[in-house]
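Report on the following structure.
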Amino acid sequence: MTGFYLERYQEGGQDSSGVLPFPTLAATIAGNDVYVFSKDTVISFPSSMGDGEGFALVDSGGSVLQFVSHGSGPFTAIDGAAAGMTSQYMGSATSSGTGLVTNDKGDTYEVTSTLTPGSVACFAEGTLIRTIEGRVPIERLQPGIMLPTWSAGLQELKIIRFRELSYSSTTPDRQRPVLIPSKLINRAAHNRPLIVSSNHRIPLAVGQQRRLVLFPAKVLVGWRGIRFMRGRRHMRWVHLGLPVHALIESGRLMTESLLPGNMVEQTLSSLDSDTWAPKSRGSVPSAHPPSRGARCT
């Protein structure tokens with residue numbers, strides 16, 4: 001990506017307001033290079049973004065590969081690399097705590113419940129969860145048991161919910177369960193594979209500083225034997241909610257717990273908000289925006 005950059009078009013205007021150089025490569029996952037644009041990785045990254053801004057993705061030869069805008073609608077650029085081009089309108093995310101995400105490489109966009117981090121964490125029935133009493137099958141857990149977390153110390157399990165889903169031959173891969181083989185998790189121990197929903201995020205250390213970033217399981221497919229379970233026709237999923245969003249040990253691998261938030265509370269209709277009183281909306285950086293609601297996808 002040497003020479004590639006993002007060009008920003010300012011709020012309510014059609015003229016360029018500066019360029020954002022590509023940051024250092026964060027990771028290569030399943031053959032795909034990952035770059036994270038944020039205030040932590042790009043010095044000139046805006047501290048805030050207004051309604052009606054746009055971005056052009058420009059290659060090293062000055063050609064615009066993609067030109068998008070959000071908020072007030074499409075516009076035609078009057079200068080910069082995208083001069084004369086009309087932006088692809090992504091939509092508007094004006095409510096507090098909402099953002100825009102694409103799951104089909106930019107063909108369409110949808111509003112998400114949170115900017116970062118966020119998603120819905122679903123474990124397959126039978127997953128072993130580490131507790132202070134040892135590793136316990138997830139379906140045997142009860143609210144009140146204490147779970148060691150990597151990021152927030154001991155935390156009390158507040159919520160456990162079950163959801164059954166069926167899959168057919170027409171179910172898109174991005175909605176299927178993801179299997180992480182046991183040999184990738186722990187070569188020295190006899191262990192079963194870990195099965196999670198496709199948007200369940202896995203922490204990886206990326207970049208020279210080994211910064212921890214959460215990647216949805218679906219973007220890891222193809223890497224070291226991780227795969228979609230295309231033959232699975234039925235799954236019983238389990239949600240675990242702690243007072244905070246944290247990393248817990250599941251099947252000897254660190255994965256995220258449910259992210260407390262309005263979308264999760266609304267979708268898990270049986271959730272008692274008085275029982276689950278979240279202290280935090282998230283604490284671990286995310287490499288990808290979340291999907292909407294608790295769909296176990």
Side-chain angles (χ1 to χ4, degrees), residues 1-11 13 15-50 52-71 77 79-82 85 87-88 90 93 97-107 109 112 114-119 151 199 201-224 226 245 247 254 256 259 281-291:
M1 304 301 290
T2 302
F4 283 60
Y5 61 91
L6 291 184
E7 186 166 12
R8 181 188 179 198
Y9 286 80
Q10 65 185 8
E11 178 183 1
D15 55 324
S16 170
S17 61
V19 301
L20 305 177
F22 262 67
T24 303
L25 177 67
T28 299
I29 304 297
N32 298 306
D33 290 341
V34 179
Y35 295 87
V36 180
F37 284 82
S38 72
K39 289 183 288 184
D40 295 329
T41 61
V42 180
I43 295 176
S44 53
F45 195 84
S47 58
S48 63
M49 296 186 191
E53 289 190 338
F55 288 91
L57 173 60
V58 187
D59 67 16
S60 58
S63 298
V64 176
L65 305 180
Q66 189 177 19
F67 181 34
V68 297
S69 63
H70 67 89
D79 64 0
M85 297 179 62
S87 62
Q88 175 192 358
M90 295 188 294
T98 59
L100 293 161
V101 63
T102 177
N103 289 309
D104 52 16
K105 299 181 180 180
D107 289 340
Y109 292 83
T112 71
T114 55
L115 286 171
T116 63
S119 75
S151 50
N199 274 331
R201 294 175 303 163
I202 311 297
L204 295 178
V206 301
Q208 294 181 347
Q209 297 181 346
R210 311 303 292 165
R211 186 168 65 96
L212 196 67
V213 177
L214 297 182
F215 290 87
K218 63 186 177 184
V219 307
L220 303 178
V221 168
W223 181 60
R224 298 189 179 184
I226 299 176
H245 181 236
L247 297 177
M254 300 306 296
E256 65 174 340
L259 171 67
R281 296 285 179 181
S283 57
V284 184
S286 173
H288 293 262
S291 64

Rounded at 0.5 Å granularity, tell me how far [atom1] in [X] sits from [atom2] in [Y].
X	Y	atom1	atom2	result
Glu7	Asp79	CD	CG	7.0 Å
Leu204	Leu214	CG	CG	8.5 Å
Lys218	Ile226	NZ	CD1	14.5 Å
Leu20	Phe45	CG	CZ	7.0 Å
Glu256	Asn199	CD	CG	9.0 Å
Asn32	Trp223	CG	CH2	13.0 Å

With Ser87 via side-chain contact (heavy atoms from CB on, under 4.5 Å) - residues at least two apart: Phe67, Ser69, Pro74, Phe75

Mind checking what makes side-chain contact (heavy atoms from CB on, under 4.5 Å) contact with Thr24, not counting sequence neighbours?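 Residues passing side-chain contact (heavy atoms from CB on, under 4.5 Å) with Thr24: none at all.
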
List in chain and number order the residues that pass side-chain hydrogen bond (donor to acceptor under 3.5 Å, both in side chains) with Asp33, two or more places apart in sequence or in another chain; answer none if no residue qualifies.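 side-chain hydrogen bond (donor to acceptor under 3.5 Å, both in side chains) check on Asp33 returns Thr28.
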
Taking only residues two or more places apart in sequence, or in another chain, which ones meet Tyr109 in a side-chain hydrogen bond (donor to acceptor under 3.5 Å, both in side chains)?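 Partners of Tyr109 under the side-chain hydrogen bond (donor to acceptor under 3.5 Å, both in side chains) test: Gln66.
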
Take Tyr9 and Asp15, measure what side chain to side chain contact (heavy atoms under 4.5 Å, CB included) needs, and give me the verdict at the end. CA-CA 6 Å; Tyr9 286 80; Asp15 55 324; 5.6 Å; no

If you take all heavy atoms of Ala82 and Ala77, which pair is closest and at what distance?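 In terms of heavy atoms, the two residues are closest at O-CB, 3.3 Å.
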
Atom of Arg8, atom of Pro46 and distance for their closest heavy-atom approach: NH1-CB, 3.2 Å

Check whether Glu53 reaches the backbone of Gly71 with its side chain - one donor and one acceptor, N or O, closer than 3.5 Å.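 Here the side-chain-to-backbone pair does not exist.
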
Determine whether a donor-acceptor pair (N or O, by modelled atom type, separation under 3.5 Å) exists between the side chain of Ser60 and the backbone of Phe4. no

Listed partners of Tyr35 passing ring pair (Phe, Tyr, Trp, His ring centres under 6.0 Å), at least two apart: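 Counting only residues at least two positions away or on another chain, Tyr35 forms a ring pair (Phe, Tyr, Trp, His ring centres under 6.0 Å) with Phe22.
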
So, do Asp59 and Val64 sit near enough that their side-chain heavy atoms are less than 4.5 Å apart? no

Taking side chain as C-beta onward, heavy atoms only, is Leu220 less than 4.5 Å from Ile202? yes

Here's a test for you: under side chain to side chain contact (heavy atoms under 4.5 Å, CB included), which of Val42, Ile43, Val36 qualifies with Pro23?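 Testing each of Val42, Ile43, Val36 against Pro23, the sole residue satisfying side chain to side chain contact (heavy atoms under 4.5 Å, CB included) is Val42.
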
Apply side chain to side chain contact (heavy atoms under 4.5 Å, CB included) to Val34 and Val213, showing your working. CA-CA 11 Å; Val34 179; Val213 177; over 6 Å; no

